[in-house]
There are 2 protein chains.
Amino acid sequence: MLTERQMLVLEAIVRVYTEVGQPVGSKSVVDFLPMHVSSATIRNEMVALENKGLIKKTHSSSGRIPSFLGYRYYVDHIVQPGVVPAAELVNIQNSLGVHFQKIDEIFAESTKILSDLTNYTAISLRPETTESRLEGFRLVPLGNHRIMAILVMSSGVVENQTFSIPKSINGSDLEAVTRLLNDQLIGLSLAEISMKLRTSIPVMLVDYMRRPDGILDVFGNILKQAAREQVFVGGKSNILDFATDSNVDELKSLYDLVDTSNNKNIGDLIGIQGKPIQIKIGEELTNQLLDNYSLISASYDVSDHGQGVIALLGPTNMPYSKMIGLLDAFSDELAKKLLDYYQQFDK
Amino acid sequence: MLTERQMLVLEAIVRVYTEVGQPVGSKSVVDFLPMHVSSATIRNEMVALENKGLIKKTHSSSGRIPSFLGYRYYVDHIVQPGVVPAAELVNIQNSLGVHFQKIDEIFAESTKILSDLTNYTAISLRPETTESRLEGFRLVPLGNHRIMAILVMSSGVVENQTFSIPKSINGSDLEAVTRLLNDQLIGLSLAEISMKLRTSIPVMLVDYMRRPDGILDVFGNILKQAAREQVFVGGKSNILDFATDSNVDELKSLYDLVDTSNNKNIGDLIGIQGKPIQIKIGEELTNQLLDNYSLISASYDVSDHGQGVIALLGPTNMPYSKMIGLLDAFSDELAKKLLDYYQQFDK
DNA sequence: TTTAGCACTTAGCACAATAGAGTGCTAAGA
DNA sequence: TCTTAGCACTCTATTGTGCTAAGTGCTAAA
């Protein structure tokens with residue numbers, strides 16, 4: 001258990017360290033504290049905090065920096081969400097206020113706004129997609145033996161892919177296949193569809209086409225794509241700013257990590273969201289590369305369309321208070337915007 | 001005009017520098033040359049080359065490195081395309097030999113193969129798209145007042161976008177609009193379509209929908225997207241390996257430059273292709289950031305589907321001979337593959 | 001024209017010296 | 001018992017110094 005003063009000292013160390021980026025000495029803490037005590041007193045308190053494992057030195061005569069446990073204690077017991085300046089809030093509202101044609105654009109743009117606002121990397125997860133179900137399926141002939149397959153999900157997601165069929169299948173066959181797939185698959189979740197595609201569907205298709213593999217591949221591809229496109233990342237290159245040493249290989253690995261174009265699933269970092277605001281620090285991110293990073297994630301509900309998550313990936317020594325406040329406000333605005341969007345279709 | 005021996009010395013300096021990465025001294029040149037002369041002789045030749053501006057020193061007593069002019073002279077008058085090892089050729093053929101559903105996949109995959117092969121960044125431009133014409137246009141209702149617009153181009157490109165219409169338009173209106181747009185736009189190039197969209201089309205649409213802006217916006221968007229998706233980049237992160245100093249800001253800018261997701265048009269680097277193989281060195285790339293990079297681009301013809309370009313972006317001191325040979329062979333294979341692909345539909 | 005020889009230049013590295021920031025401990029004061 | 005001034009001590013970071021290796025330009029002889 002920490003005394004009142006020890007909490008103040010810990011807070012001082014965390015906050016000064018996030019601002020200055022240098023180990024914090026006893027004198028700096030004195031300057032930061034509301035009451036007056038001597039630096040010797042602070043040194044004694046620091047020894048106590050160090051014994052509890054909350055702060056550490058970088059070398060025997062250096063100032064202190066928060067340890068992993070120290071950050072943890074700070075975010076669990078000390079930090080208060082910062083107040084978002086009115087100007088910034090208006091800024092967010094304006095940025096989100098424009099009209100979007102596709103729901104994807106809302107997510108893509110919101111991560112971009114958030115990363116520009118913070119200079120960190122922003123990650124957005126769509127509202128609850130395990131709940132999303134197939135709403136419709138189309139096969140559109142494009143001429144020249146090519147066909148576009150379109151999937152419409154209840155979450156508002158639309159996925160599509162073009163593919164070619166080796167020999168001409170006539171139009172009524174195509175319609176029959178479309179009807180068949182619609183009958184069989186509508187109302188099912190992605191996982192259930194995946195299952196049926198491997199079991200009952202192939203047998204049914206043989207009536208209409210000699211080799212149904214092609215269209216099944218396409219379906220499989222679209223499903224994979226749908227899963228990947230649940231995650232949006234903005235400000236990818238910002239992550240490079242906080243690499244410990246600017247070793248090029250490390251930088252490349254970091255960028256790969258957040259680059260959604262290469263099938264990495266950065267969404268896994270975020271995991272299940274219990275509380276509205278959740279913070280993972282350094283080693284909690286279970287990736288060697290991210291030992292010096294923290295992730296603040298905020299979940300939000302969009303009425304009955306499920307729960308989305310938006311998160312910030314920044315250095316462990318980021319200004320938590322400010323960022324928590326910002327993310328909180330931002331997720332509120334985003335939820336409102338999404339609700340608006342869905343209401344276009346709901347009534 | 002250079003003497004025979006001066007050309008040999010210049011070649012030695014370029015080639016040793018590309019292998020070792022260090023300024024080349026007179027003794028190293030002696031070791032490289034086919035005949036025997038003393039280092040003092042080489043030093044005299046080096047003074048001559050330096051006076052012509054083909055090589056330079058990094059400091060008063062250092063070895064020499066090629067200057068911009070020196071590279072230029074080397075690639076224009078000295079270098080011979082390297083022979084591609086049979087094993088590597090087979091490797092390329094195998095990698096390109098698999099079946100692709102979409103033409104996009106061929107381009108995306110080929111840049112990936114090429115960048116893996118070289119550890120540089122590979123850039124691919126689709127065959128001649130100024131020649132590409134609209135082949136078909138579809139509007140597909142997805143339910144819930146949403147519509148997907150699909151454009152099929154003669155180049156094999158398929159672009160699509162979903163959008164929402166504020167109030168329900170009935171099915172026959174939609175068909176009429178589709179028919180109208182097909183009548184008016186098929187056979188036109190992207191540029192011509194762009195034009196018509198701003199002039200005659202809006203007037204015609206008013207009969208079917210009160211506010212045709214929505215669909216016109218969508219059309220505009222798709223066209224923009226089609227233009228952007230002419231460029232494919234593989235091995236983006238490889239560009240970081242050759243930054244002069246690993247200053248993080250510079251690295252971020254480099255990433256941004258090759259990241260197609262942010263509307264930058266790296267395709268502009270390549271420009272119009274006169275010769276089958278074209279090499280741009282350092283400052284010729286007209287981008288401060290790329291002063292230490294060179295671009296080797298190879299153009300290829302796909303019968304009457306126009307001319308494509310595939311290029312490598314690497315450090316100025318890359319092994320030109322080897323890379324030219326490789327790129328030459330690679331573009332041949334790619335052209336064959338594309339021809340195969342188009343022939344699926346042509347007959 | 002080529003070459004050996006030599007004086008000269010520079011980068012890069014190891015090493016020492018110094019200043020500055022910060023700590024822990026002790027002893028005295030409240 | 002808690003707080004504080006004072007001081008010795010530790011470590012980093014910076015600056016300067018000397019040395020070595022690599023390479024050059026020049027000269028004079030072959």
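These numbers come from the heavy atoms of this one structure, side chains and all, not from hydrogens, waters or symmetry mates. None of these values were measured; they are calculated from a predicted model.
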Please evaluate residues B:Y255 and A:D259 with respect to the criterion side-chain hydrogen bond (donor to acceptor under 3.5 Å, both in side chains), reporting the C-alpha separation (whole Å), side-chain torsions for both, the decisive distance (0.1 Å), and the verdict.
CA-CA 11 Å; B:Y255 246 127; A:D259 192 359; over 6 Å; no
With a 3.5 Å distance limit and no angle check, can you tell me whether B:S297 reaches the backbone of B:I310 through a side-chain donor-acceptor pair?
no
Nearest nucleotide by nearest heavy atom, which residue falls closer to the 5' end of DNA chain C, A:S60 or B:V37?
B:V37
Got a sec: does the NZ of A:K112 have more than 12 other heavy atoms crowding it under 6.0 Å?
no
Donor-acceptor pair, A:K280 side chain versus A:L269 backbone, under 3.5 Å?
yes
Distance-only, no hydrogens or angles: does the B:N91 side chain make a donor-acceptor pair with backbone N or O of B:A87 under 3.5 Å?
no
Apply the test side-chain contact (heavy atoms from CB on, under 4.5 Å) to residues B:L2 and B:H77: give CA-CA distance (whole Å), side-chain angles for both, the deciding distance (0.1 Å), then the verdict.
CA-CA 10 Å; B:L2 297 193; B:H77 301 108; over 6 Å; no
Distance check needed: C:dT23 P versus A:I13 CD1, whole Å only.
9 Å
Give me the one residue out of A:I279, A:L117, A:N238, A:L114 that meets side chain to side chain contact (heavy atoms under 4.5 Å, CB included) with A:L312.
A:L114
With a 4.0 Å cut-off (strictly under) to non-hydrogen atoms of chain A, the first and last hit nts on DNA chain D, 5' to 3', are D:dT3 to D:dT12
Find every protein N or O atom lying less than 3.5 Å from an N or O atom of nucleotides 27-30 of chain C, and list the pairs.
none

Test salt bridge (Lys or Arg N to Asp or Glu O under 4.0 Å) on A:K27 and A:D31; report intermediate values, then the result.
CA-CA 6 Å; A:K27 286 197 195 127; A:D31 293 344; over 6 Å; no
Using heavy atoms and a sub-4.0 Å distance, could you list which residues of residues 61-69 of chain B are near DNA chain D? By number, please.
B:S61, B:S62, B:G63, B:R64
Per the under-4.0 Å heavy-atom filter, residues of residues 39-58 of chain A near DNA chain D come out as A:A40, A:T41, A:R43, A:N44
Close side-chain approach of A:L285 and A:L313, heavy atoms under 4.5 Å:
yes
Heavy-atom check, side chain of A:E45 versus side chain of A:V37, under 4.5 Å:
no
Quick test of your reading of the model: are A:K252 and A:D256 salt-bridged, counting only N-O distances below 4.0 Å?
no
Could you give the side-chain donor-acceptor pairs of residues 314-326 of chain B under 3.5 Å, partners two or more places apart or in another chain?
unit_1: B:T316; atom_1: OG1; unit_2: B:N292; atom_2: O; d: 2.9
unit_1: B:Y320; atom_1: OH; unit_2: B:S294; atom_2: OG; d: 2.8
unit_1: B:Y320; atom_1: OH; unit_2: B:T316; atom_2: O; d: 2.4
unit_1: B:S321; atom_1: OG; unit_2: B:Q80; atom_2: O; d: 2.9
unit_1: B:S321; atom_1: OG; unit_2: B:G82; atom_2: N; d: 3.4

Heavy-atom contacts under 4.0 Å between residues 17-32 of chain B and DNA chain D, which residues?
B:G25, B:S26
Could you give me the CA-CA distance, side-chain angles and deciding distance for B:V24 and B:V29, then say whether side-chain contact (heavy atoms from CB on, under 4.5 Å) is met?
CA-CA 7 Å; B:V24 183; B:V29 173; 3.7 Å; yes
Under the 3.5 angstrom rule, does the side chain of A:E88 hit a backbone N or O of A:P85 as a donor-acceptor pair?
no
Using the side chain to side chain contact (heavy atoms under 4.5 Å, CB included) definition, which of the options B:I281, B:L295, B:I239 pairs with B:L290?
B:I239
